[in-house]
Amino acid sequence: MTKIQMTTPLVEMDGDEMTRVLWQMIKDKLILPYVDLKTEYYDLGLLSRNATKDQITVDAANAAVKYGVAVKCATITPNRQRMIEYPELTEQWKSPNGTIRSIMDGTVFRTPILIDSIKPVVKNWTMPITVARHAYGDVYKAVDMKTDEPGEAVLTFKGESGKETVLSVQKVNGPAIFQGQHNKSASIRSFAKACFQYAIDRKQDLWFSTKDTISKVYDSEFRAIFEEEFENFKDKFEELGITYFYTLIDDAVARVIRSEGGFIWALKNYDGDVMSDMISTAFGSLAMMTSVLVTPDGKFEYEAAHGTVTKHYYRYLKGEQTSTNPMATIFAWSGALRKRGELDGLADLISFADRLEAACFATLNAGIMTKDLAALADEGVCKKQAASEEFLDEIASRI
């Protein structure tokens, strides 16, 4: 069989633990038999990042900017426990996702993958809810400190002009903790533009929510920039019959729960992190959540929304079978291949991405599922609970 040809490489970012194992299986079983795969490969496994002092993460992000489409495996962000597990580590390296998002200056859009046999916990949700998460700043670039005596914390800004602005944070009469966070107007503006353009591309309403009643400068700046940028997209929204509106985040939560779904919910960095996990779980499983980083100038990085599935990996190392759900990782590959095909005008590559996703749905609809989905599916739907590799073989047989 003649393989489907590519003209421009994808940027391939390999990862850690069980998702790294599945990554190779997906390539071997579902992609390489059909596509003459061209990638610029970067190993973002934890030990590779450590060996390069995390330079490889920076290089991968810059390559994604250069080529326009990237696909990324889940990676470990090390904490104290990981330093014990991996004694070779020289420090607790930053989140690769955070580094990539900062360099690409993109917005993360996360959407659940729905199947008929798994009903959302919120019974009135009939359509997916996409969370648009700002991917820069706030608590993820915060600095903090702990003090052990009475005193005063002040926030000082020293302008290049020489002007200084000083703000009292708080006077305390004993031990305390403090945190300083920031964001950049340019990044917020990029976030707004990406959200409005994505809503137009998807022909869906866009909601945006913060807490500007409490955060009267910080959150209010987000709201003001969104309103300014909307003026550039307003006519197109009206033409498509879609809407944009702002509401407080607590009101938005109530609206989301009462809704039918089918819209995009834009949120600040931490809010988006938490709410995307909540929505994915309420729809079924974090392993059934797509994630794509989109920049205002049309660059894309696809990944699964979940982590490296550590518990399954240690069972795998013992030679035990695992039933790890690969759906989100498969859809990261299919999304990247489809986008590469769209940008390069390769109809065969687009068609293959569609067939790959259709084969996944056909497998699930036939009642063949990994353990996590079998536990969530309607009674009597699961005909066969499959191990990881077996599940991939079933998909391969349906492409």
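Quick caveat, the model's predicted, so the values are computed rather than measured.
Side chain of Asp219 to main chain of Lys211: a donor-acceptor pair is present (N/O by atom type, distance under 3.5 Å, no hydrogens or angles). A donor-acceptor pair is defined here as one N or O able to donate and one able to accept, closer than 3.5 Å; such a pair exists between the side chain of Ser323 and the backbone of Ala386. Of the possible polar contacts, one joining the Asn124 side chain to the Arg258 backbone as a donor-acceptor pair under 3.5 Å is found. For Trp125 (side chain) and Val256 (main-chain N/O), a donor-acceptor pair under 3.5 Å exists by modelled atom type.
Using a 4.5 Å heavy-atom cutoff, the side chains of Thr39 and Val11 are not in contact. In this structure, Phe283 and Ile113 have side chains that are not in contact, with every pair of non-hydrogen atoms separated by 4.5 Å or more. At least one side-chain heavy atom of Phe222 sits less than 4.5 Å from a side-chain heavy atom of Phe208. For the pair Asp378/Ile118, no side-chain contact is recorded, criterion being any heavy-atom separation below 4.5 Å from C-beta on. Using a 4.5 Å heavy-atom cutoff, the side chains of Ile103 and Asn62 are in contact. Between Leu293 and Arg101, some side-chain heavy-atom pair lies under the 4.5 Å cut-off.
A side-chain N or O of Asp372 and one of Thr370 form a donor-acceptor pair less than 3.5 Å apart. Remark: the Trp23 side chain and the Thr329 side chain contain no N/O donor-acceptor pair separated by less than 3.5 Å. At a cut-off of 3.5 Å, with distance as the only test, a side-chain donor of Asn183 or Asp138 sits close to an acceptor on the other residue. Side-chain contact of Glu260 with Thr126: a donor-acceptor pair under 3.5 Å is absent, judged by distance alone.
With sequence neighbours left out, Asp393 forms a salt bridge (charged side-chain N to carboxylate O under 4.0 Å, His left out) with Lys29. Arg80 is linked by a side chain to side chain contact (heavy atoms under 4.5 Å, CB included) to Gln92, counting only residues two or more places apart in sequence or in another chain. Looking at residues two or more places apart in sequence or on another chain, you find a salt bridge (charged side-chain N to carboxylate O under 4.0 Å, His left out) between Arg82 and Glu17, Glu85.
Look at Lys299 and Asp297 and you find a salt bridge, because one of the NZ, NE, NH1 or NH2 atoms lies within 4.0 Å of a carboxylate O, short of that distance. Under a 4.0 Å N-O distance rule, the pair Glu227/Arg223 qualifies as a salt bridge. Between Asp251 and Arg255 there is a salt bridge, with a side-chain nitrogen of the basic residue lying less than 4.0 Å from a carboxylate oxygen of the acidic one.
Identified under the ring pair (Phe, Tyr, Trp, His ring centres under 6.0 Å) test for residues 138-197, with sequence neighbours left out: His134-Phe191, Tyr136-His182, Phe191-Phe226, Phe196-Phe226, Phe196-Phe230, Phe196-Phe233, Phe196-Phe237, Phe196-Tyr244. The list of salt bridge (charged side-chain N to carboxylate O under 4.0 Å, His left out) pairs with a residue in residues 183-197, not counting sequence neighbours, reads Arg189-Glu228, Arg189-Glu229.
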Side chains of residues 44-56: which donor-acceptor partners sit under 3.5 Å, not counting sequence neighbours?
{"unit_1": "Ser48", "atom_1": "OG", "unit_2": "Asp43", "atom_2": "O", "d": "2.7"}
{"unit_1": "Arg49", "atom_1": "NE", "unit_2": "Leu44", "atom_2": "O", "d": "2.6"}
{"unit_1": "Arg49", "atom_1": "NH1", "unit_2": "Ile76", "atom_2": "O", "d": "2.9"}
{"unit_1": "Arg49", "atom_1": "NH2", "unit_2": "Asp16", "atom_2": "OD2", "d": "2.9"}
{"unit_1": "Arg49", "atom_1": "NH2", "unit_2": "Leu44", "atom_2": "O", "d": "3.3"}
{"unit_1": "Arg49", "atom_1": "NH2", "unit_2": "Ile76", "atom_2": "O", "d": "2.8"}
{"unit_1": "Asn50", "atom_1": "OD1", "unit_2": "Thr90", "atom_2": "N", "d": "2.9"}
{"unit_1": "Asn50", "atom_1": "OD1", "unit_2": "Thr90", "atom_2": "OG1", "d": "3.0"}
{"unit_1": "Asn50", "atom_1": "OD1", "unit_2": "Trp93", "atom_2": "NE1", "d": "2.8"}
{"unit_1": "Asn50", "atom_1": "ND2", "unit_2": "Glu88", "atom_2": "O", "d": "3.2"}
{"unit_1": "Thr52", "atom_1": "OG1", "unit_2": "Ser48", "atom_2": "O", "d": "3.1"}
{"unit_1": "Thr52", "atom_1": "OG1", "unit_2": "Arg49", "atom_2": "O", "d": "3.3"}
{"unit_1": "Thr52", "atom_1": "OG1", "unit_2": "Ile56", "atom_2": "N", "d": "3.3"}
{"unit_1": "Asp54", "atom_1": "OD1", "unit_2": "Thr57", "atom_2": "OG1", "d": "2.7"}
{"unit_1": "Gln55", "atom_1": "NE2", "unit_2": "Asp59", "atom_2": "OD1", "d": "2.9"}

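By the rule that hydrophobic residues join a cluster once side-chain heavy atoms approach within less than 4.5 Å of another member, Leu267 and Val274 end up as members of separate clusters. When hydrophobic clusters are built by joining Ile, Leu, Val, Met, Phe, Trp and Tyr residues whose side-chain heavy atoms come closer than 4.5 Å, directly or via intermediates, Tyr41 is not grouped with Leu337.
Each of Lys27, Arg340, Lys72 was evaluated against Glu12; a single residue qualifies, Lys27, per the salt bridge (charged side-chain N to carboxylate O under 4.0 Å, His left out) test.
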Would Arg398 and Glu394 count as a salt bridge (Lys or Arg N to Asp or Glu O under 4.0 Å) if you check the C-alpha gap in whole Å, the side-chain angles of each, and the deciding distance to 0.1 Å? CA-CA 7 Å; Arg398 290 170 170 81; Glu394 292 283 358; 2.8 Å; yes
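In this structure, the separation between CZ on Arg338 and CG on Leu349 is 9.5 Å, given to the nearest 0.5 Å.
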